[in-house]
Number of protein chains: 2
Amino acid sequence: MNYTRWPIVVRMTAFLLAQLGAHAADRFAERIAPLDLAPRHVGLLRWIAAHPGASQREIAAAFGVQPSRVVVLVDELERRDLVQRHQDPGDRRSRSVRLTERGERMLAEVGRVFLAHQADLLAALTEEESAVLGELLGKVAAARGLTDGVHPGHAAADSGA
Amino acid sequence: MNYTRWPIVVRMTAFLLAQLGAHAADRFAERIAPLDLAPRHVGLLRWIAAHPGASQREIAAAFGVQPSRVVVLVDELERRDLVQRHQDPGDRRSRSVRLTERGERMLAEVGRVFLAHQADLLAALTEEESAVLGELLGKVAAARGLTDGVHPGHAAADSGA
DNA sequence: TATTGTTATACTCTATAACTATA
DNA sequence: TATAGTTATAGAGTATAACAATA
């Protein structure tokens, strides 16, 4: 079952990581799909909750994406009444974004879903092993500059505040 | 730097996993891009090497994708002269696929690139920590049915042989 | 003239359906 | 008629470029 012809002498940890990461992301996506959300929405929702009233430009900068991408994402969240755009009285070009009541409740619900997801995902590990795994992953992530951010592809690292 | 309002009391290991997995996949993709390959090609190349002469139908079944998808992927590899299609004399509808000389050499090169990639990725860990990480990930992957396979999205698990 | 947000357009990857040739 | 492979078509997601309103 182990199709070789590959330096499989060493453990293919980097591959396992990519494989399991994709698996985790897929399973999480399945769990939030009934909430009418995709993973990319969760990252944005979390960030907006932590930076209430940020402008779309600021969001784009924080996530390292084009402003036009933010328009689409905020559109999707606003259509679901999870965030709301407000005119900035100081600069009428700018639109500040913040969570609605419904957005707050949704974020809480997503948090519960995430915990269930994580419990399932790591069910094979003991409490202690889970802690060790978390620590090792945290170490690697920090060394690679992925501190508190969001997925590459979906976003970039937290740029402060 | 840790934007909360989330049950961050527990470590978000599942998130770290998805984040790091995407990061690992992206970095690997960058490394093989100069070889004119994408990650999806590597999984296929490896599988074909381990199952020489398999038909496209068998490939599709092993990877859990539509036959039309296999056509495209094998086209891409054949255009690079890494694999070759052959008429099955027994059933002239069927096309058996196998690596070319060039494909063999490419696979070896990809293996070297992978090892360099992995070394970089896990540079923050000691030898022993790397081993522990590999073991824990292997445990989780096995429990989740991701034995020796390839990425979800790109493919499915090895179906034997 | 520069900047914020928006809209329009195109490109990549993938999935589905229709088609050809064998069996 | 069923099956292996192929081609055609359409969809999701993202990136780039052109644009309108405001500064």
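Computed over heavy atoms, backbone and side chain alike; hydrogens, waters and symmetry mates excluded. The structure displayed is predicted, hence computed values, not measured ones.
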- May I ask you to check whether Q118(B) and R11(A) show a side-chain donor-acceptor distance below 3.5 Å? no
Whole-Å distance, R57(B) CZ to dT22(C) P, equals 18 Å
Double-helix bend of the helix from dT1(C)-dA23(D) to dA23(C)-dT1(D), axes at both ends from 5 pairs, round to 10°, gives 30°
Rounded to whole Å, CG of D26(A) lies from P of dG13(D) at a distance of 13 Å
Within residues 75-89 of chain A, those residues having any heavy atom closer than 4.0 Å to DNA chain C are R85(A)
Scanning both residues in full, the closest heavy-atom pair of W47(B) with A54(B) reads CZ3-CB, 3.6 Å
Nearest heavy-atom contact between R40(B) and E76(B) is NH1-OE1, 3.0 Å
From CG of D91(B) across to P of dG5(D) the rounded distance in Å is 8 Å
Residue set satisfying side chain to side chain contact (heavy atoms under 4.5 Å, CB included) with R31(B), at least two apart, ordered chain then number -> V113(B), A116(B), H117(B), D120(B)
Would you say the side-chain atoms of E58(A) and H51(A) include a donor-acceptor pair closer than 3.5 Å? no
Listing time: all N or O pairs from protein to nucleotides 16-20 of chain D that are below 3.5 Å?
residue : atom : partner : partner atom : Å
dT16(D) : O4   : S68(A)  : OG           : 3.0

Heavy-atom nearest pair, M106(B) first then L45(B), reads CG-CD2, 4.3 Å
Closest non-hydrogen atoms of L121(B) and A14(A), given as atom of the first, atom of the second and distance, are CD2-CB, 3.8 Å
- Query: Does R92(A) place a side-chain N or O at less than 4.0 Å from the phosphate oxygens OP1/OP2 of dA21(D)?
  - Reply: no
To the nearest angstrom, the CG-C1' distance between L73(B) and dG5(D) comes to 14 Å
Side chain to side chain contact (heavy atoms under 4.5 Å, CB included) filter on D91(A), not counting sequence neighbours, yields R93(A), S94(A)
With a 4.0 Å cutoff (strictly under), does any side-chain N or O of R93(B) reach OP1 or OP2 of dT3(D)?
no
Judged by nearest nucleotide, the residue sitting upstream toward the 5' end of DNA chain D, P67(B) or G90(A), is P67(B)
Note: G134(A) and T13(B) closest approach over all heavy atoms is CA-OG1, 3.8 Å
R95(A) has its side chain closest, among dA23(D), dT6(C), dA23(C), to dT6(C)
With sequence neighbours left out, the residues meeting salt bridge (Lys or Arg N to Asp or Glu O under 4.0 Å) with E129(A) are K139(B)
For A141(A) and L20(B) the tightest heavy-atom approach is N-CD1, 4.0 Å
Out of dA4(D), dT4(C), dT7(C), minimum distance to the side chain of S94(A) belongs to dT4(C)
